[in-house]
Amino acid sequence: MVKYSPQKIEKKWQKYWEAKKFYVTKDKVAGKENKMLLTEFAYPSGNLHIGHWYAFSLPDIKARYLRMKGYNVLYPTGFDAFGLPAENAAIKHNIHPEKWTKQNIAYMTRQLKSMGTMFDWSRKVSTIDPDYYAWTQWMFIEFYKKGLAYRAITNVNWCPNDKTVLANEQVVDGKCDRCKSEVTQKELAQWMFKITEFKDELIDGLKNLDWQETAKLGQINWVGRSQGATIKFQIPNYKSQINPNHQNSKSKNEFVEVFTTRPDTIFGATAIVISPEIAQKWLSIGWQASSEVKSYVKKSLAKRELEREEAKEKTGIDAGIFAVNPINNQKIPVWVADYVLGHYGTGAVMFVPAHDQRDFEFAKKYNLPVKEVVLPEFGQKKPNAIFRDSVAAIVTRSSDDKILLVLNKKNNEWAIPGGGRDSNDDDVTTLTREVKEETGYTDFEIKEYLGQISTNFFASARNVERTKFQKAYHVILKNENSIPLKPDAHEDMELHWMNAQESIKKLDSNTSISYESEFVKRFLQPSLVCFSGNGVLVNSGKFDGMDSQLAKKKIVEELKSKGVGNFQKTYRLRDWILSRQRYWGVPIPMIHCPACGYVPVSQKELPVKLPPLKDFKPADDGRSPLAKATKWLNVTCPTCKGPAQRETDTMDTFVDSSWYFMRYTDPKNKKAFASKEKMKQWLPVFSYLGGAEHTTMHLLYARFFAKALHKLGYVNASEPFLNRRNRGIILGPDNQKMSKSRGNVVDPDQEVKKYGADAVRMYLAFMGPYLHGGPWNPGGITGVYRFLNRVWNFVHTYDVKVKPSSVAASALNNYTHKIGIDIGDLSFNTGVSNLMKLLNEIESHHLSKQQYETFLKLLAPFAPHVAEELWQSVLKNKKSIHLQTWPVFDKTLVGSEKLWIMVQVNGKVRDKLEVAGGVSQKDVEKMAEESAKIKPWIEGKQVRKIIFVPNKLINIVI
RNA sequence: GCUCCCGUGGUGGAAUUGGUAUACACGCAUGUCUUAGGAACAUGUCCCGCAAGGGGUAGAGGUUCGAGUCCUCUCGGGAGCACCA
């Protein structure tokens, strides 16, 4: 027998498969359903790393499996070849980006082929191919014609190192996604895609997709839809104060408009806060603000350009003007503050410190009034409840900071001191009286206000349902001087000092619940005094007693009837800035004419080819390198035929990758980016496997493209990816991210040299769940290498004369089922372990030819080379194993097998019984009762209940 | 700070979705064979106990005949968002 040496067989079969064109996928095969299994195409960085193997060779297992299951499977690949690294490498090594990129593509193609995947190379797509980017440009012009691409001056993210604009999605923690340098802000005219056109569809379309929740959530958060209202606050004397030149007094500019998600808190608005951007706008139309205000605005805008500091201390200044709250006509001051953002909502907010954390902090800092209008509500409100208004105290003593609780010995209930208000007494009077009465202490000081809550409960002493509004204060005991308690009312009361945690436990242990632990929590964490949840309204005129949800609606309706408010949704998502001031990208196919403005290149003249440039380095002035290609630059205007110039910016590479999967369906088409017919055959993509880092960029952009092209009538699917899974990341042996500087990089080529591609694929499959990833264990691969050796030796025991083994027949049948499910679920790790279990069970038996064949078919998706070798050279088959169908699982074989039934007594396993499948409860009961191991447990005891799970267990409860 | 996910042997990880916890591997130990190799094979490998048995899935409680799995809290780790009104 020859020794298993993968190096000798793998190249041979790769060549064989390529020569026989096994993996060239037809668009249509009679009787077979099409499925496109998609993985994110690679950036040609120059070298394949282990992550590429994980990304491509594991989905290949599923692609091969589906193929064997009878589907017409397209498993395509290509290269996402434009982009910055090529330029940077080119500058570093003094080589042209195009040459560098093409060399890498050639090298990586060879590496990719060494994986033994069923990639259909005949459909390879490369974004730098003019036949490809002609269509990228064509789409841009289509979008431009329909208003989905436009040019605008905006504040952009500028990377000073890469010298180009970045999309919001490409800025991470204020740093460039690629080079990690600090991103600055710049005003520039840029080309944009109107992705906000689809803001609702981008959220709502997710509903019916089979994606991981985390990926859906990432998209939802990114679009950031919030439901709320816009409300106009009138500014009296607007004309004289803000805009002296303003003629039309009825204009909406007499107002400052705010956006809020909490219109129910409008009675609690104690100011209006506008962003520095709005203030700047007002100044530009004639607002005569104080010099302090002017300098504040200037300073905070400058600060924004320098990007957010680490110190996020909120600052602001009183603007010196007033606005009128439309709900109650109250005059409130207007402030300017940097924590209000110019680009979100209306750029102004109503200031409700009692119910917004940020406003609360700001109010504390600048000592602004806090007005509570929504109380948290505990317990269920009863219609017949009797109302009670009360005040309570968290009493502490300075000696040890312990808290005073009162124990009612009659009913064993704990409380903090306090009680009901008499007629018109104020908080201080009530609190002073109650604390004295209940504790006897006389010298104390009322400190901080801890807020008010509403509680609903049954007062058993009085036998009534009660709704209690309760205000609490922190009270510090100065000394322990006390007077005797009134014997009649308080003889059952006992005072206890304890720490805060203990007191929370005691208060929560009450049976008739009082919810007073809430005040202890607020005392411990003062930020909780600001209640930002929903609750019951107070101090809100006719809306008092309403719950927040209803009040939101009613209040906006009221404002709407006055013409000063409306329901409104606001989004975090902003349009996609696609201009890049770099060389190595797709030229934006526009011509700028001094007379006609921007005019698109005729779609017949596409592609606008990237001009060959020797000096492609970016300039500091923000002008794209393409401006240096003078011959290319100067053209005649398509409209007026006058002299004009081409747009010199190139497109963000995310544009290229937003539609590559459509091109796979029809990669050679010269008349369209893909024919409708072929897209219909393959789209939407059956399953898309890729990296988690693309959740908020690539996936969002690709969905935008699909939706836009669908809207324009070119694509059948408005959602491109039905199923999406983010795979995990392979870490170094030290459980850290692989990096050259750490020296923990695993080189796949080296591993292939040692163990072969089959072992590398199989080990990656075996090491853990595909969606988790994990550390590469150098010893781990020897496990699957040993397994493949055993498989090799096992199949070599084949002898024509041997009859089928019954043990193997049953095992093969079972594992056919299990392994199929594993692959379908991307549970490659259990798939491999099931193959190992199967071999453990059948290894010592001799099998018939057909049984060996079945075994190899189960192995084929995981280890395509060794399976093919054994299939053809040992079992002497002429037709490739990769043209075979998956073994058929025979259900009827399963039920008749012997199996173990667990016998439990009171849920504890005491014995197990070997029985035939499908055995009845009665029989099992009898066997269990007769069992010597069970008898001692149940003897002389009353059996209360028997639980029987067919073919699994019986539980005798005594 | 908010949201989501995750804590199982020395290690990677299984557990048919509420029904034998630690499958399958790695590693380790002992042994066999062998002209030392990055072998192969056999046996063992959660803890206490001679055993019967008991304990055990980060910790504490709960629901259930039965909990790694469901619920509540605490601790620890990771990811995303982060002045988004």
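- Nucleotides B:rC70 and B:rU17, compared at atom P, are 14 Å apart to the nearest Å.
- Counting to the nearest Å, the P atom of B:rG66 and the CD1 atom of A:Ile954 are 16 Å from each other.
- B:rA79 and B:rU3 make up a base pair, with Watson-Crick or G-U wobble contacts both under 3.5 Å.
- Side chain of A:Thr260, nearest nucleotide from B:rA85, B:rG38, B:rG19: B:rA85.
- Between B:rG54 and A:Arg910, a contact under 4.0 Å exists linking OP1 or OP2 to a side-chain N or O.
- Across all strands shown, B:rA85 has no partner, as no Watson-Crick or G-U wobble contact with both distances under 3.5 Å is found.
- Comparing B:rU11 with B:rA23, their P atoms sit 14 Å apart, to the nearest whole Å.
- For B:rA60, the paired base is B:rU72 (Watson-Crick or G-U wobble, both distances below 3.5 Å).
- Remark: the separation of the C1' atoms in B:rG54 and B:rA58 is 22 Å, to the nearest Å.
- Distances were taken from every side-chain heavy atom of A:Trp222 (C-beta onward) to each of B:rC83, B:rA25, B:rC81; the shortest belongs to B:rC81.
- Nucleotide B:rU17 is shown with a syn base, its glycosidic torsion being within 90° of 0.
- Remark: A:Asn829 is in phosphate contact with B:rA14, judged by side-chain N or O atoms under 4.0 Å from OP1 or OP2.
- B:rC65 and B:rG19 make up a base pair, with Watson-Crick or G-U wobble contacts both under 3.5 Å.
- Distance from the side chain of A:Lys908 is smallest to B:rG55 among B:rG19, B:rG55, B:rG53.
- Searching all strands for a Watson-Crick or G-U wobble partner of B:rC24 with both distances below 3.5 Å returns B:rG12.
- Atom CZ in A:Phe531 sits about 17 Å away from atom C1' in B:rA85, given to the nearest Å.
- For an aromatic pair to be called close, the ring centres must be under 6.0 Å apart, and A:Trp576 with A:Tyr701 satisfies this.
- Closest-nucleotide positions on RNA chain B for A:Gly774 and A:Lys912 were compared, and the one nearer the 5' end corresponds to A:Gly774.
- Separation of the C1' atoms belonging to B:rU20 and B:rG12 is 23 Å when rounded to the nearest angstrom.
- Rounded to a whole Å, the CD atom of A:Gln219 is 20 Å from the P atom of B:rA79.
- Between A:Lys952 atom NZ and B:rA15 atom C1' there is a gap of 11 Å when expressed in whole angstrom units.
- Within 4.0 Å of A:Met902, counting heavy atoms only, lies at least one base atom of the nucleic acid.
- Remark: A:Ser833 is not in phosphate contact with B:rG13, judged by side-chain N or O atoms under 4.0 Å from OP1 or OP2.
- Ion pair A:Lys837/A:Glu841 not flagged as a salt bridge, since none of the NZ, NE, NH1 or NH2 atoms sits closer than 4.0 Å to an Asp/Glu carboxylate oxygen.
- Put simply, A:Arg786 has no side-chain N or O that comes within less than 4.0 Å of OP1 or OP2 on B:rC24.
- Summarising the geometry, the separation between CG on A:Asp356 and P on B:rA85 is reported as 9 Å, rounded to the nearest angstrom.
- Between the P atoms of B:rU45 and B:rU22, the separation comes to 12 Å (whole Å).
- Closest to the side chain of A:Trp937, from the set B:rG12, B:rA85, B:rG53, is B:rG53.
- Between A:Arg572 and B:rA85, a side-chain N or O to OP1/OP2 separation shorter than 4.0 Å is absent.
- Taking atom CD of A:Glu841 as the reference point, atom C1' of B:rA23 lies 11 Å away to the nearest angstrom.
- With distances taken from any side-chain atom of A:Pro769 to the nucleotides B:rG38, B:rA14, B:rA85, the minimum falls on B:rA14.
- Comparing atom distances between the A:Thr830 side chain and each of B:rG53, B:rA15, B:rG38 picks out B:rA15 as nearest.
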A:Leu835 vs A:Tyr815, side-chain contact (heavy atoms from CB on, under 4.5 Å): CA-CA, chis, key distance, verdict: CA-CA 7 Å; A:Leu835 276 169; A:Tyr815 283 104; over 6 Å; no
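- Closest to the side chain of A:Val909, out of B:rA25, B:rA21, B:rU16, is B:rA21.
- Of the candidates B:rC24, B:rG38, B:rA85, the closest approach to any side-chain atom of A:Asn840 belongs to B:rC24.
- Both A:Asn955 and A:Ala348 lie near RNA chain B, and the one whose nearest nucleotide falls closer to the 5' end is A:Asn955.
- When the P atom is compared between B:rU69 and B:rG7, the two are found 10 Å apart, to the nearest whole Å.
- Separating the CD atom of A:Gln750 from the C1' atom of B:rG38 is a distance of 14 Å, rounded to the nearest angstrom.
- Nucleotides B:rG66 and B:rA14 have their P atoms positioned 28 Å apart, rounded to a whole Å.
- At a threshold of 4.5 Å between non-hydrogen side-chain atoms, the residues A:Asp356 and A:Glu361 do not count as touching.
- Taking the six-membered ring wherever Trp is involved, the centroid distance between the rings of A:Phe766 and A:Phe787 does not fall below 6.0 Å.
- A cation-pi arrangement, defined by a distance under 6.0 Å to the six-membered ring centre and an angle within 45 degrees of its axis, is absent between A:Lys299 and A:Tyr296.
- Taking the O4'-C1'-N9-C4 or O4'-C1'-N1-C2 dihedral as appropriate, B:rG27 has a value more than 90° from 0 and is therefore anti.
- Rounded to whole Å, the separation between the C1' atoms of B:rU8 and B:rG77 comes to 15 Å.
- At B:rC24, none of the side-chain N or O atoms of A:Lys837 fall inside 4.0 Å of OP1 or OP2 (strictly under the cut-off).
- Cation-pi geometry between A:Arg703 and A:Trp222 is not met at under 6.0 angstrom from the ring centre and within 45 degrees of the axis.
- Using a 4.0 Å heavy-atom cutoff across all strands shown, A:Ser226 reaches sugar-phosphate atoms only and no base atom.
- Base pairing of B:rA42 is made with B:rU30, judged by Watson-Crick or G-U wobble geometry with both donor-acceptor distances under 3.5 Å.
- The side chain of A:Thr782 lies closest to B:rC26 when the candidates are B:rG38, B:rC26, B:rC65.
- Residue A:Gln904 is classed as a base contact, given a heavy-atom separation below 4.0 Å to a base.
- Note on A:Arg725 versus A:Asp210: salt bridge recorded, some NZ/NE/NH1/NH2 to OD/OE distance being below 4.0 Å.
- In this structure, A:Val957 reaches the sugar-phosphate backbone alone: every heavy-atom distance under 4.0 Å involves primed, P, OP1 or OP2 atoms, never a base.
- Figure legend: cation-pi geometry between A:Arg761 and A:Trp53 absent, as NZ or CZ is not positioned both under 6.0 Å from the six-membered ring centre and within 45° of its axis.
- For A:Gln357 against B:rG1, a side-chain-to-base donor-acceptor contact under 3.5 Å is absent.
- Among the nucleotides B:rG13, B:rC4, B:rG19, the one closest to any side-chain atom of A:Thr214 is B:rC4.
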